[in-house]
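Everything numeric in this text was worked out from a predicted model, so none of it was measured. Start at 1 and go down the list; that is how both ligands and their atoms are numbered.
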Amino acid sequence: MDFGLSGKWALVGGASKGLGLGCATALAGEGVNVVIVARGGELLEKAAAELRASSGVQVQPIAVDITTPEGRAAVFAFRKDFDIVVTNAGGPPPGDFRDWDRDAWIKAVDANMITPIELIKATIDGMAARGFGRIVNITSSSVKSPIEALGLSNGARSGLTGFVAGVARSAVAAKGVTINNLLPGSFDTDRIRSNMANAAQKAGTDVESIVEKRRQSIPARRMGTAQEFGEICAFLCSQQAAYLNGQNILADGGAYPGTY
Ligand code: NAP
């Protein structure tokens, strides 16, 4: 299926590895030029070179912290008129809410709620004026089913979800702009490995038994791959997904037990 995205420009946050890179790869495979962002320049340059080689599209790496105003300014100094924006950065650390002070909360809200809102604010009116726009926020299954140790994520991302529910249904919806959230369950990336290492340490066991326990808790009996996550993201950005708006799409191998 041709997603009708060839020649468009996408901004993908947190894209030197993991889910963000999965999204950038799938979009580049559809002929989309991509700006990829991460803090660490070396891995980002490597990812950019591989993307260029595999897809032939224009790839611009920008090594900044997307959660800062300076980082976002550097991105928009390169280009303002993105057709597609995939918001993503690192998730907040696990822990016990009794240990989190105001600064910990501000940092989580800044990264996982305010940063996506700022990116939406900077791009959405241009998209509406041009008659096409796709915004995909990488959030988490924790929005639907909270994860006890990830209270910062449960809270901050729920705030973003509430905001998106409103703006997705605003006047931009009639101008060809959609905003959806893509909710990862368990995907095999560095982030989930480090969360599991943390859980293993807490439980006094090894990482492999935590990974196996997780696999057994998922109906698909495996973790997802960044590639399949990216392909769902590319579909949400496609011309075909024009009537899919304001949704929370859970990609979790069936782990969420609810009927709706
Ligand atoms: P990952 O493998 O750790 O990759 C994170 C990417 O984001 C890296 O490229 C990292 O590069 C970049 N990044 C982190 N902080 C950044 C910042 N402040 N500014 C710019 N780039 C930044 O993580 P992932 O598993 O792909 O997860 C992506 C998001 O999905 C996270 O928010 C995570 O919490 C969420 N999530 C993941 C899962 C899962 O199963 N993997 C499940 C639920 C939710 P640098 O460190 O060099 O900046």
With the side chain counted from C-beta on, respond yes when [X] and [Y] share a heavy-atom pair under 4.5 Å apart, and no when they do not.
X      : Y      : result
Cys23  : Ile138 : yes
Asn181 : Arg157 : no
Ile84  : Trp9   : no

> How many angstroms lie between atom CD of Gln247 and atom CD1 of Ile179, to the nearest 0.5 angstrom?
Replying inline: 12.0 Å
> If Ile, Leu, Val, Met, Phe, Trp and Tyr residues are connected whenever their side-chain heavy atoms lie under 4.5 Å apart, and connections chain through other members, are Phe82 and Ile120 in the same group?
Replying inline: yes
> Mind checking what residues have non-hydrogen atoms under 4.0 angstrom from ligand 1?
Replying inline: Gly14, Ala15, Ser16, Lys17, Gly18, Leu19, Ala38, Arg39, Gly40, Val64, Asp65, Ile66, Thr67, Asn88, Ala89, Gly90, Gly91, Ile138, Thr139, Ser140, Arg157, Pro184, Gly185, Ser186, Phe187, Thr189, Asp190, Arg191, Ile192
> At their closest point, which heavy atom of Pro116 faces which heavy atom of Asn137, and how far apart are they?
Replying inline: CB-OD1, 3.9 Å
